[in-house]
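In what follows, a single structure is set out as structure tokens and then discussed.
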Amino acid sequence: LLLAGLTSGEMIPLILLAALGIALAVFALRRLTPAGTLRAARGLPAAVLMRGIITFAFFAVDAYVALALVEWRGLSAAQAGIALTAATISWTAGSWTQARFASRWQPERFVRAGLVVLVAGLATFGVIRSPQVSPWLAIPTLALAGYAMGLAYSPLALIVLREAPVAEQGRASSAISLTDSLGTALGTGITGALVAASVRGTGDPATGLAFGFAVAVAVALLGVAIGGRLHGQTTEAAVPNAVVARGA
């Protein structure tokens, strides 16, 4: 309903459908996710919300890379596909890095580092709209964003399983899967709605793409802001005990 309102092109349907869609989403999410998810409560709720934040930010841009490079900068579809391939390969590299150093660093560190790198990659990719910048800059910037996702994506599941009580781990896993899918759908859909509005108004998708990419960066920055809330109370309580044990 929210996305239907955003793509309607008419003010009254936009307001009514978007308001109804948001109300229904909040009502449902409060019952399908851990208490405090929508306000990023510390620990499990913040981790569940964070998965939706990073998928929103990444796919709000990734889904429109080909459109941006072909329609905006004049590359061929095959050339634009190189940037997408770079993001895929670097996502794998980021996952390998996370797995390689998982025994040294807590998963929260990977998530926070990934969010900072994601902001850098998405913000730099937005610069390609300038004709003074080579469109081939899309390859390293998308690779950077993909690497960030490799760092941050899987550790969130580890945090959720660590913070959830044993009897609630199945429910918590379902919740993070829900926010994952919802973030992807909303990120893709909102940028798409902005592109559609731009095409209706000017006949050119460029303005809509610019706004969509700006929204993605803003959402990623929101993730950076709440990254410190991934540590739950049980994790914080365990740290002093571990220090005491090593000192003994």
* Linked, directly or transitively: Val217 and Tyr64 (ILVMFWY side chains, under 4.5 Å) -> yes
* Under 3.5 Å, side chain of Ser8 to main-chain N/O of Gly5, donor-acceptor pair present? -> yes
* Taking all non-hydrogen atoms of both residues, which atom of Ile176 and which atom of Ala47 are closest, and how far apart? -> CD1-O, 4.4 Å
* Structure fact -> To the nearest 0.5 Å, atom NE2 of His231 lies from atom CZ of Arg109 at 9.0 Å
* Asked: Does the Arg229 side chain pair with the main chain of Ala46, one donor and one acceptor, at a distance under 3.5 Å?
  -> no
* Structure fact -> One should read off an interatomic distance between Ile22 CD1 and Leu17 CG, to the nearest 0.5 angstrom, of 11.0 Å
* Structure fact -> Minimal heavy-atom distance between Gly114 and Ala152, with the atoms involved, is CA-CB, 4.2 Å
* Asked: When hydrophobic residues are tied together by side-chain contacts of less than 4.5 Å, even through go-betweens, does Ile226 share a cluster with Leu122?
  -> yes
* Does a side-chain heavy-atom distance below 4.5 Å link Leu115 with Ile54? -> yes
* **Chi angles and distances behind the side-chain contact (heavy atoms from CB on, under 4.5 Å) call for Val160, Val48** => CA-CA 7 Å; Val160 165; Val48 170; 4.0 Å; yes
* So Phe59 and Trp91, would you call those rings parallel, tilted or perpendicular, with 30° and 60° as cut-offs? -> tilted
* To do: Decide whether Leu1 and Leu16 are clustered together by the hydrophobic rule: side chain heavy atoms of Ile, Leu, Val, Met, Phe, Trp, Tyr closer than 4.5 Å, transitively.
  => no
* Asked: Does Thr55 use its side chain to pair, donor to acceptor, with the backbone of Gly52 at less than 3.5 Å?
  -> yes
Under 3.5 Å, which donor-acceptor pairs link side chains of residues 68-82 to any protein atom two or more places apart or in another chain?
{"unit_1": "Arg73", "atom_1": "NH1", "unit_2": "Ile128", "atom_2": "O", "d": "2.5"}
{"unit_1": "Arg73", "atom_1": "NH1", "unit_2": "Ser130", "atom_2": "O", "d": "3.0"}
{"unit_1": "Arg73", "atom_1": "NH1", "unit_2": "Val133", "atom_2": "O", "d": "2.7"}
{"unit_1": "Arg73", "atom_1": "NH2", "unit_2": "Val133", "atom_2": "O", "d": "2.8"}
{"unit_1": "Ser76", "atom_1": "OG", "unit_2": "Gln79", "atom_2": "N", "d": "3.1"}
{"unit_1": "Ser76", "atom_1": "OG", "unit_2": "Gln79", "atom_2": "OE1", "d": "3.4"}
{"unit_1": "Gln79", "atom_1": "OE1", "unit_2": "Ser76", "atom_2": "N", "d": "2.9"}

* State, with a plain yes or no, whether a side-chain heavy atom of Ile190 is found less than 4.5 Å away from one of Leu3. => yes
* Structure fact -> In short, Pro45 meets Pro34 closest at the heavy-atom pair CG-CB, 4.3 Å
* **Arg30 atom CZ, neighbour heavy-atom count above 12 within 6.0 Å** => no
* Specify the closest pair of heavy atoms between Pro205 and Val195, including all atoms of both residues, with the distance to one decimal. => CB-CG1, 3.7 Å
* Residue pair Thr37 / Leu49: nearest heavy atoms and the distance that separates them -> O-CD2, 3.3 Å
* Distance in Å, Leu29 CG paired with Thr179 OG1, rounded so as to fall on 0.5 Å steps -> 8.5 Å
* Asked: How long is the gap from OG1 on Thr7 to CG on Leu194, to the nearest 0.5 Å?
  -> 11.0 Å
* Transitive ILVMFWY side-chain link Leu186 to Leu209, under 4.5 Å -> yes
* Using modelled atom types only, decide if a donor and an acceptor are shared between the side chain of Ser181 and the backbone of Leu178 within a distance under 3.5 Å. => no
* To do: Before giving the answer on side-chain contact (heavy atoms from CB on, under 4.5 Å), spell out for Leu161 and Ser173 the whole-Å C-alpha distance, their side-chain angles and the decisive distance to 0.1 Å.
  => CA-CA 7 Å; Leu161 292 176; Ser173 297; 3.6 Å; yes
* Can you tell if the side chain of Phe125 reaches within under 4.5 Å of the side chain of Leu142, non-hydrogen atoms only? -> yes
* In Å and rounded to the nearest 0.5 Å, what is the CG to CZ distance from Leu44 to Arg42? -> 13.5 Å
* Asked: Going from CG on Leu151 to CG on Leu118, what distance comes out if it is rounded to the nearest 0.5 angstrom?
  -> 10.0 Å
* To do: Using the side-chain hydrogen bond (donor to acceptor under 3.5 Å, both in side chains) rule, collect all pairs that involve residues 135-154, keeping only residues at least two apart or in two chains.
  => Arg51-Tyr153, Thr97-Tyr147, Tyr153-Asp180
* **Connected via hydrophobic side-chain network under 4.5 Å: Ile53 and Leu158** => no
* Asked: Can you find a pair of side-chain heavy atoms, one from Leu230 and one from Leu156, that are under 4.5 Å apart?
  -> yes
* Asked: Between Leu6 and Arg200, what is the shortest heavy-atom contact and its length?
  -> O-NH2, 4.4 Å
